[in-house]
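Down below is the structure, laid out as structure tokens.
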Amino acid sequence: MSPRSASVNEELRRRSRERLLQAAVELVGERGYDATTLGDIADRAGSARGLVSYYFPGKRQLVQSAVHRLMHRTLEEALEREPRTEDGRERMARAIDAILGLARDRPVLMRQHMAGILQAEGFMQCPEQRRLAELLRDTMARHGSPDVDSDYPMMRALLMGAVYAALVPGAPMPVPVLRAELFKRYRLGWELGLPPESGASGGRDDKDLSRFFATGAAPERDPGGQSK
């Protein structure tokens with residue numbers, strides 16, 4: 001058998017990492033953080049358990065990266081859904097609704113994510129988080145911010161605060177109330193984005209996360225060992 005090319009090996013590694021991210025999101029959403037082990041995640045992903053530590057220093061880093069991936073792709077999907085628009089106010093409304101929608105639709109996962117950020121190791125940078133930040137910064141710029149470097153951190157803090165408020169055990173604030181406050185701050189009409197009373201869903205299948213993770217079949221090779 002001919003050895004795999006470097007590009008095929010790289011693609012296999014990328015897909016292996018993607019499967020671990022998807023498995024982490026699914027299992028923590030189903031069971032909670034403490035009840036999910038790295039072995040469970042590796043088993044769900046169909047990966048060798050030793051591969052987890054190859055890609056991630058530990059469970060906390062893996063879960064944070066997985067949730068940031070879900071947030072990034074959820075936000076991206078909301079911003080680019082039809083009808084596509086370049087209007088800054090509509091894009092800001094979609095961004096707010098996408099993040100609040102995760103708190104509403106995936107409370108266990110997002111509660112565990114917020115709790116993880118408050119742990120000793122705190123907020124950890126990763127490629128998925130940087131992509132999320134880029135989208136939010138771009139949204140802030142398109143909304144007309146004269147100082148994105150100052151306004152983006154405030155936007156991030158307000159969104160995180162709203163998610164936290166929506167998830168406080170025993171005293172959660174209703175998402176529509178939090179939405180109204182954010183829309184008021186950014187001077188957005190209630191009809192923009194995805195109003196709660198519309199009954200619409202921002203995703204195609206809330207239980208199927210595969211569209212957010214590139215976990216398809218490995219690339220094929222021809223007899224000469226090259227990827228097709």
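We're numbering straight along the sequence, starting at 1. Because the structure is a prediction, the values reported are computed rather than measured.
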Original post:
When Arg94 is tested against each of Thr85, Ile99, Asp87 for side chain to side chain contact (heavy atoms under 4.5 Å, CB included), which residue passes?
Top reply: Thr85
**OP:** Kindly compute the distance separating CG (Leu51) from CZ (Phe56), expressed to the nearest 0.5 Å.
**Re:** 11.0 Å
**OP:** May I have the step-by-step check of salt bridge (charged side-chain N to carboxylate O under 4.0 Å, His left out) for Arg84 and Glu80, ending in yes or no?
**Re:** CA-CA 6 Å; Arg84 297 185 64 178; Glu80 299 305 318; 2.4 Å; yes
**OP:** Kindly compute the distance separating OG (Ser145) from CE (Met92), expressed to the nearest 0.5 Å.
**Re:** 8.0 Å
Original post:
When rounded to the nearest 0.5 angstrom, what distance separates CG in Leu70 from CG in Leu102?
Top reply: 5.5 Å
Original post:
Which heavy-atom pair separates Pro195 from Leu192 by the least distance, and what is that distance?
Top reply: CD-O, 3.7 Å
Original post:
Passes salt bridge (charged side-chain N to carboxylate O under 4.0 Å, His left out), Arg142 versus Asp138? Steps please.
Top reply: CA-CA 6 Å; Arg142 291 179 189 235; Asp138 179 69; 2.7 Å; yes
**OP:** Spell out, yes or no, whether Val168 and Leu109 are grouped together once hydrophobic residues are joined by side-chain heavy atoms under 4.5 Å, including indirect joins.
**Re:** yes
**OP:** Using a cut-off of 6.0 Å, state whether more than 12 heavy atoms not belonging to Tyr164 lie near its atom OH.
**Re:** no
Subject >> salt bridge (charged side-chain N to carboxylate O under 4.0 Å, His left out) assessment of Arg69 paired with Glu18 >> reply: CA-CA 10 Å; Arg69 163 60 66 84; Glu18 294 280 320; 2.6 Å; yes
Original post:
Any chance CE of Met154 has more than 12 other-residue heavy atoms, nucleotides or ligands included, within less than 6.0 Å?
Top reply: no
**OP:** Run the numbers on Val67 and Glu128 for side chain to side chain contact (heavy atoms under 4.5 Å, CB included), then give the verdict.
**Re:** CA-CA 9 Å; Val67 177; Glu128 285 74 22; over 6 Å; no
**OP:** Tell me whether the guanidinium CZ or amine NZ of Arg15 lies under 6.0 angstrom from the six-membered ring centre of Phe213 and within 45° of its axis.
**Re:** no
Subject >> Minimum-distance pair of heavy atoms, taken over all atoms of Leu188 and Arg89 >> reply: CD2-O, 3.5 Å
Original post:
Does a donor on one side chain and an acceptor on the other come within less than 3.5 Å for Gln22 and Glu26?
Top reply: yes
